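Working notes, beginning with the structure itself.
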Amino acid sequence: MSEVLKFLLFLLAVAVLLWLAAPWLERRLVFHPTRTWDLDPALAQPAEPVTFRSSDGVSLSGLWMPATAPLGVLLYAHGNAGNLSHRIPTAHVWRDRLRLSILLFDYRGYGRSEGSPSEEGIFLDTVAAFEEAKRLGGDNPILLGRSLGTVPVTRLAAREEVRGLILDSPMTNARDMARHVLPLPGIGYLASFRLDNLEEIAAVRCPLLILHGEYDRVVPLQQGRRVFDAAATPKRFLLLEGDGHNDDRTRAGVIEVFAEFVSKLNNDSAVTEPRE
């Protein structure tokens, strides 16, 4: 057997292995849930653990953090790692500084929620949390998604009446992320997930705020800018100069922009029109 043929067979074997391993590898890259709550909800007092169900019957866990004299309701869809307990300190600051009642929730497979995560599953979970936030707060929520969480909230905002949408470090889609994480020829075509903010954002009609770290190595800044460019107005882009993916979102300069966004929503009484 010639050396050229051996090399071609080797490349073929590698390609077959990648194809077979792609679904497992993809899930491992996208979802990093942990089950144990690492922080006591008492740190977010007043707070109330809540349980509700998705449309396919999965029991989901959340934490309701009501504000004093609230200006509205915020639904927070977290990123791909950990669980809601890791977001309690940030949500505590947002609630008190922005005067928003906040619902934190865990996707299926995260924290105390049943099941295991999937792309369609986290969307169904976000829809269920949206309905629960409306029930608890008596108002259409502002949606805030971070990293992976930008995907279900963008899809939701494209379909439902919401007050506003905040996207923290949004990706464009799964193919672009695959090329970023594993820059091999053709790797994007192995992605079975869509995670397509770029397609969904065009149908969003509510006021939009996107923020992205200048030196984000997890979701490149260029992807956030492409999502912003594809969105309709009114919209605003906040470049977090000097920041990476996981820097503080409660610091001065960021919290003031959040507060300005919420204030404008209240003054304008802005809502979306559901997509037909």
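The structure displayed is predicted, hence computed values, not measured ones.
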Please check this pair: side chain of [X] against backbone of [Y], looking for a donor-acceptor N/O pair closer than 3.5 Å.
| X | Y | value |
| --- | --- | --- |
| Asn80 | Val30 | yes |
| Thr154 | Val151 | no |
| Arg225 | Leu221 | no |
| Asn266 | Ser263 | no |
| Ser101 | Ala67 | yes |
| His78 | Leu148 | no |
| Asp106 | Asn83 | no |
| Glu131 | Ala128 | no |
| Glu114 | Val58 | no |
| Arg249 | Asn246 | no |

Can you tell me which residue among Val262, Leu104, Leu144, Leu103 is in a side-chain contact (heavy atoms from CB on, under 4.5 Å) with Leu74?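 When side-chain contact (heavy atoms from CB on, under 4.5 Å) is applied between Leu74 and each of Val262, Leu104, Leu144, Leu103, only Leu144 qualifies.
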Starting at [atom1] of [X], measure out to [atom2] of [Y] and round the result to the nearest 0.5 Å.
| X | Y | atom1 | atom2 | result |
| --- | --- | --- | --- | --- |
| His92 | Thr250 | NE2 | OG1 | 11.5 Å |
| Asn197 | Thr150 | CG | OG1 | 4.0 Å |
| Gln45 | Ile88 | CD | CD1 | 9.5 Å |
| Arg146 | Leu211 | CZ | CG | 8.5 Å |
| Leu238 | Phe261 | CG | CZ | 12.0 Å |
| Phe123 | Ser55 | CZ | OG | 9.0 Å |

Side chains of Ser85 and Arg112: is there a donor and an acceptor less than 3.5 Å apart?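 No, no side-chain donor-acceptor pair sits under 3.5 Å.
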Of all heavy-atom pairs between [X] and [Y], which one has the smallest distance, and what is that distance?
| X | Y | answer |
| --- | --- | --- |
| Leu165 | Ala157 | CD2-CB, 4.0 Å |
| Ser113 | Leu60 | OG-CA, 3.5 Å |
| Ile122 | Glu119 | CG1-O, 3.3 Å |
| Ile102 | Arg95 | CD1-N, 3.5 Å |
| Arg163 | Cys206 | O-CB, 4.2 Å |
| Leu98 | Leu71 | O-CD1, 3.8 Å |

For Phe31 and Tyr110: C-alpha separation, side-chain torsions, deciding distance, then whether side chain to side chain contact (heavy atoms under 4.5 Å, CB included) applies. CA-CA 9 Å; Phe31 302 115; Tyr110 286 74; 3.6 Å; yes
Check against side chain to side chain contact (heavy atoms under 4.5 Å, CB included), Glu256 and Arg97: CA-CA 9 Å; Glu256 288 82 2; Arg97 293 285 301 278; 4.1 Å; yes
Set of residues satisfying ring-ring contact (aromatic ring centres under 6.0 Å, His included) with respect to Phe228, sequence neighbours excluded: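 For Phe228, the residues satisfying ring-ring contact (aromatic ring centres under 6.0 Å, His included) (neighbours in sequence not counted) are Phe237.
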hydrophobic_cluster_shared for Leu239 and Ile210, side chain cutoff 4.5 Å: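 The answer is yes; both residues are in one hydrophobic cluster.
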The single option from Glu120, Glu160, Glu199 passing salt bridge (Lys or Arg N to Asp or Glu O under 4.0 Å) against Arg155: Glu120
Test salt bridge (Lys or Arg N to Asp or Glu O under 4.0 Å) on Arg179 and Asp176 and set out the steps. CA-CA 5 Å; Arg179 296 184 187 104; Asp176 288 344; 2.9 Å; yes
Give the C-alpha distance, both sets of side-chain angles, the deciding distance and a yes or no for side chain to side chain contact (heavy atoms under 4.5 Å, CB included) between Trp37 and Leu84. CA-CA 8 Å; Trp37 278 18; Leu84 69 82; 3.5 Å; yes
